Amino acid sequence: MGYIEDLNEVIQIQRFQTELRKAFSERNQIKSLSKEIGENIEYYSKEFKEKTEEYTILQLWTIFERYLLELTYEYIHGEKEASKMSRMITEKMIEKIERWPIGELLDLYKTIIDSNTVGMIKQIKRYRDWLVHKNTKKGSPGKISYEDTYIFLSDFLNFISADLNR
Amino acid sequence: MVAELKPIGLDIIGAHGRVDLGTHYENRKFLYFKDGGPVITTKIEGQKKEHKIFTGIEEDGWYWVESITLKKAYKVNREVFSSLLEEVTSKWVI
């Protein structure tokens with residue numbers, strides 16, 4: 001299962017962006033980009049940093065959702081010598097699961113992971129949704145950094161993966 | 001201004017507060033954890049087992065997490081604060 005590699009790649013891209021900003025700044029090159037940017041370096045640098053961190057959280061969540069589904073399919077595909085009928089039912093179930101709200105899928109995992117942890121993953125989803133829409137009427141949910149998003153999402157998948165491999 | 005300490009909030013997922021130390025270009029995140037820090041509890045075959053997410057959290061306080069792979073948290077003291085302040089300020093030539 002390549003979720004660790006995929007999640008790591010997102011983190012590496014975020015680090016690359018940080019290093020790129022450093023290199024630009026150290027060489028004093030940002031000022032020469034344009035008059036508008038040159039006169040507002042601090043503003044654009046801060047905005048750039050915040051936006052790239054937000055995009056990182058969105059990317060991490062997308063990978064998490066994809067692998068959560070993949071791991072869930074592994075539970076369904078347990079029977080190797082399945083009949084034709086059984087395989088057909090399995091395929092139909094997989095098709096339906098893809099359309100489930102992610103919250104319902106996460107709730108299933110309360111069987112093996114405590115509800116507080118599942119709740120924490122749902123909070124990350126709410127924050128991810130808020131980053132997408134930024135609906136000020138709804139107010140900001142609990143915040144999380146991209147580093148902690150990586151840690152909590154990868155640990156969650158690790159526990160599911162370990163349960164499958166028992 | 002060398003750097004600023006910016007309160008991010010109390011409503012932080014997995015922690016009880018966050019303050020960032022940084023400049024416009026780079027920052028370090030301080031998180032307030034209760035003793036032990038966040039845990040994931042698994043329920044395999046009826047047996048509950050607690051897994052600490054971070055190591056190094058032995059009392060309530062402000063911590064800085066060094067890396068996302070090692071997940072080692074350091075309690076913020078004068079030494080940790082000074083070295084992080086140097087990290088966020090010394091690399092930038094504006």
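Residue numbers start from 1 in every chain, and the chains themselves are labelled A, B, ... in the order their sequence lines are given, proteins ahead of strands. Given the structure is predicted, the values throughout are model-derived calculations rather than measurements.
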Engineer: Taking A:Leu105 as the starting point, is it possible to reach A:Tyr75 by hopping between hydrophobic residues whose side chains are less than 4.5 Å apart?
Structural biologist: yes
Engineer: Can you establish whether the number of heavy atoms outside A:Lys134 located under 6.0 Å from its atom NZ is more than 12?
Structural biologist: yes
Engineer: Kindly work out whether a path of hydrophobic side-chain contacts (I/L/V/M/F/W/Y, heavy atoms less than 4.5 Å apart) joins A:Tyr67 to A:Trp100.
Structural biologist: yes
Engineer: Are A:Tyr146 and B:Leu70 connected into the same hydrophobic cluster when the rule is that any two of I, L, V, M, F, W, Y join if their side-chain heavy atoms are below 4.5 Å apart?
Structural biologist: no
Engineer: Side chain from CB out, backbone as N, CA, C, O: work out which of these in A:Lys49 comes under 4.5 Å of a heavy atom of chain B, or both, or neither.
Structural biologist: side chain
Engineer: For chain A, which candidate among B:Leu10, B:Asp20, B:Ile68 shows the most heavy-atom pairs at distances under 4.5 Å?
Structural biologist: B:Ile68
Engineer: I'd like to know if B:Lys29 pairs up with A:Asp148 as an ion pair, taking the criterion as any Lys NZ or Arg NE/NH1/NH2 lying under 4.0 Å from an Asp or Glu carboxylate oxygen.
Structural biologist: no
Engineer: Tell me whether B:Gln47 at atom CD has more than 12 heavy atoms from other residues, nucleotides or ligands lying less than 6.0 Å away.
Structural biologist: no
Engineer: Using non-hydrogen atoms and a 4.5 Å limit, figure out which bit of A:Thr111 sits close to chain B: side chain, backbone, both or neither.
Structural biologist: backbone
Engineer: Does anything in residues 11-19 of chain B get under 4.5 Å of chain A by heavy atoms, and if so which residues?
Structural biologist: B:Asp11, B:Ile12, B:Ile13, B:Gly14, B:Arg18
Engineer: Is there a path of hydrophobic side-chain contacts, each under 4.5 Å between heavy atoms of I/L/V/M/F/W/Y residues, joining A:Leu164 to A:Leu69?
Structural biologist: yes
Engineer: Determine the option with the most heavy-atom pairs under 4.5 angstrom with chain A, choosing from B:Ile53, B:Ile40, B:Ile8.
Structural biologist: B:Ile40
Engineer: May I have the list of side-chain donor-acceptor pairs in residues 126-133 of chain A shorter than 3.5 Å, sequence neighbours left out?
Structural biologist:
| residue | atom | partner | partner atom | Å |
| --- | --- | --- | --- | --- |
| A:Asp129 | OD1 | A:Lys125 | NZ | 3.0 |
| A:Asp129 | OD2 | A:Lys125 | NZ | 2.8 |

Engineer: Please state whether the rings of B:His51 and A:Phe159 are parallel, tilted or perpendicular, taking 30° and 60° as the class boundaries.
Structural biologist: tilted
Engineer: So which part of A:Ile11 gets closer than 4.5 Å to some heavy atom of chain B, the side chain, the backbone, both or neither?
Structural biologist: side chain
Engineer: According to side chain to side chain contact (heavy atoms under 4.5 Å, CB included), who are the partners of B:Glu50, at least two apart in sequence or on a separate chain?
Structural biologist: B:Val39, B:Thr41
Engineer: What's the spacing between B:Leu31 CG and A:Ile144 CD1 if we round to 0.5 Å?
Structural biologist: 9.0 Å
Engineer: Grab the two heavy atoms, one from B:Lys71 and one from A:Ile151, that are nearest each other, plus how far apart they are.
Structural biologist: CD-CG2, 3.6 Å
Engineer: Where on A:Glu47 is there a heavy atom nearer than 4.5 Å to chain B: the side chain, the backbone, both, or neither?
Structural biologist: neither
Engineer: Show me, pair by pair, the donor-acceptor contacts under 3.5 angstrom made by side chains of residues 56-65 of chain B, not counting sequence neighbours?
Structural biologist:
| residue | atom | partner | partner atom | Å |
| --- | --- | --- | --- | --- |
| B:Asp60 | OD1 | B:Asp35 | N | 2.7 |
| B:Tyr63 | OH | B:Glu59 | N | 3.4 |
| B:Tyr63 | OH | B:Glu59 | O | 2.7 |

Engineer: More than 12 heavy atoms of other residues, nucleotides or ligands under 6.0 Å from NZ of A:Lys51: is that the case?
Structural biologist: yes
Engineer: Kindly work out whether a path of hydrophobic side-chain contacts (I/L/V/M/F/W/Y, heavy atoms less than 4.5 Å apart) joins B:Leu5 to B:Leu84.
Structural biologist: yes
